[in-house]
Amino acid sequence: MGEKVKICEVGPRDGLQMAASIMPTAVKIEWIASLVEAGIHEIEVGSFVPPKLIPQMADTAEVVRASRAMHGLTVAALVPNLKGAQRAHESGADVIIVPVSVSEGHSRANTNKGSLDQVAELRGIVDWVRAQERPMKVDAGCATAFGCSIEGHVPQERVVMVAAALAEAGVDNVVLADTVGYGNPMQVRATVRAVRQEIGPVLDRLHLHDTMGLGLANALAGLEEGIRCFDSALAGLGGCPFAPGASGNIVTEDLVFMLESMGFATGVDLDGLIRAREVLQRGLPGAALLGNVTKAGIPRTYRRAA
Ligand code: ZN
């Protein structure tokens with residue numbers, strides 16, 4: 001039996017927020033269903049942010065409600081503040097992800113608050129969620145943990161400090177995010193190790209972008225440090241509207257290929273992902289879809305992990 005690795009698809013959130021056009025809600029829901037069909041069990045389906053800022057996410061409540069009906073799917077949504085968390089809870093999300101930037105400059109651009117003020121916001125969110133009758137998981141994303149296009153270098157000690165503050169606030173899990181994709185494998189290895197020394201397995205996930213072409217190498221470094229959960233986006237969509245220079249997430253298809261080839265069971269079917277790309281393309285006719293597996297075709301040597 002291969003060891004299991006969980007893939008969390010973030011295309012409908014991270015991918016679409018930077019798209020030039022707005023994907024119609026019905027296609028978005030069909031796309032999410034096609035991802036579930038391919039074996040993806042957790043999807044970040046949108047974000048509860050003001051539609052004025054990110055119009056692509058205006059239909060998130062409706063998308064969450066439709067996604068809840070999909071069998072076996074954990075429905076996640078990104079929320080920057082308490083109001084967003086309340087809307088996510090009301091729509092029935094299973095998980096919320098609250099971003100807290102390690103870089104002060106990105107934090108102000110992304111949430112209009114300094115890092116520590118955003119930690120305080122997060123604490124309020126955790127307290128509110130825990131007081132509700134219906135449980136909802138609260139994860140926190142340490143954004144710009146490996147570098148920032150606004151501030152440049154992000155010191156590792158600061159990442160550890162912010163991650164410790166998030167764990168202290170009582171979140172279920174912490175995600176380290178390479179928001180702009182400046183990280184390298186040795187840095188990922190050292191940072192994961194340092195953060196785990198501080199907060200242990202509460203750090204359970206990496207969110208990587210492929211700006212410099214090091215996304216999969218960084219994922220491998222995390223895997224070797226014991227991380228068993230990764231965010232990725234179908235066709236490598238993605239980017240952050242408040243972090244200039246960020247490009248797409250690591251490509252779900254290529255990540256699945258790497259993991260399954262190495263004997264890690266993801267439960268995801270590559271042919272199913274390729275079919276999901278067709279729905280994505282229909283919803284975003286002009287968008288360039290990335291991915292080596294699709295470009296080259298699935299090799300005859302490919303075997304899924306047992
Ligand atoms: Zn991202």
Side-chain angles (χ1 to χ4, degrees), residues 8 10 13-14 42 44 46-50 53-54 57 60-61 64 74-146 148 150-151 154-179 191-192 194-207 229 231 240 242-243:
C8 176
V10 297
R13 195 276 302 169
D14 206 327
E42 182 163 336
E44 219 171 290
S47 58
F48 287 95
V49 292
L53 289 180
I54 307 184
M57 297 291 118
T60 296
V64 167
T74 299
V75 181
L78 186 125
V79 309
N81 51 34
L82 179 60
K83 192 173 165 220
Q86 290 167 336
R87 290 180 60 207
H89 190 268
E90 195 185 312
S91 331
D94 301 304
V95 185
I96 52 171
I97 297 101
V98 185
V100 178
S101 270
V102 182
S103 141
E104 204 60 30
H106 180 259
S107 186
R108 291 194 184 281
N110 197 37
T111 60
N112 221 358
K113 286 194 185 75
S115 304
L116 292 180
D117 287 344
Q118 181 65 359
V119 172
E121 181 79 28
L122 171 69
R123 210 171 287 127
I125 292 172
V126 171
D127 291 347
W128 184 84
V129 170
R130 302 299 185 226
Q132 304 310 304
E133 202 171 309
R134 186 181 79 78
M136 182 168 73
K137 192 168 173 263
V138 183
D139 289 348
C142 257
T144 63
F146 302 96
C148 173
I150 298 168
E151 283 200 353
V154 173
Q156 185 183 292
E157 311 80 73
R158 219 182 129 75
V159 182
V160 174
M161 185 198 80
V162 170
L166 303 182
E168 174 71 34
V171 297
D172 292 291
N173 285 112
V174 168
V175 186
L176 290 185
D178 191 5
T179 311
T191 308
V192 167
V195 171
R196 276 229 157 138
Q197 251 160 29
E198 194 69 26
I199 66 170
V202 173
L203 165 62
D204 80 332
R205 194 199 309 184
L206 291 176
H207 174 100
C229 180
D231 287 357
C240 174
F242 307 108

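Note: hydrogens, waters and symmetry copies are ignored here, and every other heavy atom, side chains too, is used. None of the values given here were measured: they were computed from a predicted structure.
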Inset, instruction - Decide yes or no on side chain to side chain contact (heavy atoms under 4.5 Å, CB included) for L166 and C142, but give the supporting numbers first. - result: CA-CA 8 Å; L166 303 182; C142 257; 3.7 Å; yes
Inset, instruction - Starting from the C-alpha separation in whole Å, work towards a yes-or-no answer on salt bridge (Lys or Arg N to Asp or Glu O under 4.0 Å) for R158 and E151. - result: CA-CA 13 Å; R158 219 182 129 75; E151 283 200 353; over 6 Å; no
Inset, instruction - Take Q118 and S107 through the test side-chain hydrogen bond (donor to acceptor under 3.5 Å, both in side chains) and record every step on the way to the result. - result: CA-CA 8 Å; Q118 181 65 359; S107 186; over 6 Å; no
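Here the closest non-hydrogen pair linking A145 and V159 is O-CG2, 3.3 Å. Counting all heavy atoms, side chain and backbone alike, P99 lies closest to V79 at CD-O, 3.3 Å. G114 and R108 make their closest contact through N-NH1, 3.5 Å (heavy atoms, listed as atom of the first residue, atom of the second, distance). Here the shortest heavy-atom pairing between I150 and A109 reads CD1-CB, 4.0 Å. For the pair V174 and A163, the tightest heavy-atom approach, listed with the atom from each and the gap, is CG2-O, 4.3 Å. Summarising the geometry of F48 relative to A77, their closest heavy-atom pair is CE1-CB, 3.7 Å, with the distance given to 0.1 Å.
Residues that satisfy the side chain to side chain donor-acceptor pair (under 3.5 Å) test with E121, not counting sequence neighbours, are K113. The ring pair (Phe, Tyr, Trp, His ring centres under 6.0 Å) test applied to H207 returns H209, not counting sequence neighbours. With sequence neighbours excluded, the residues satisfying salt bridge (charged side-chain N to carboxylate O under 4.0 Å, His left out) with D139 are K137, R205.
Judged purely by atom type and a 3.5 angstrom limit, S101 has no side-chain atom pairing as donor or acceptor with the backbone of T144.
Interatomic distance, CD1 of I96 versus CD1 of I125, reported as 5.5 Å (0.5 Å rounding). Taking OG of S115 as the reference point, atom CD of E104 lies at 4.0 Å (rounded to 0.5 Å). Here OG1 of T179 is found 5.5 Å from NE2 of H106. Values are rounded to the nearest 0.5 Å.
Residue E42 forms a side chain to side chain contact (heavy atoms under 4.5 Å, CB included) with just one option from V95, D231, D94, V75, and that option is V95. Remark: of the listed residues L116, V119, V171, V119 is the sole one forming a side chain to side chain contact (heavy atoms under 4.5 Å, CB included) with V100.
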Sequence neighbours excluded and cut-off under 3.5 Å, please list the side-chain donor-acceptor pairs for residues 85-92, or say none.
from: H89; atom 1: NE2; to: R134; atom 2: O; distance (Å): 2.9
from: S91; atom 1: OG; to: R87; atom 2: O; distance (Å): 2.6

Would you list the atom pairs, donor with acceptor, under 3.5 Å between side chains in residues 195-204 and any protein atom, with sequence neighbours excluded?
from: R196; atom 1: NE; to: L203; atom 2: O; distance (Å): 3.1
from: R196; atom 1: NH2; to: L203; atom 2: O; distance (Å): 2.8

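Residues F146 and V154 form no side-chain contact, since every pair of their non-hydrogen atoms from C-beta on lies 4.5 Å or further apart. When side chains are defined from C-beta on, V160 does not count as touching E157, because their heavy atoms never get closer than 4.5 Å.
Residues in residues 164-175 take part in these salt bridge (Lys or Arg N to Asp or Glu O under 4.0 Å) pairs, two or more places apart or across chains: R130-D172.
Other residues, nucleotides and ligands place more than 12 heavy atoms under 6.0 Å from the CG atom of D127.
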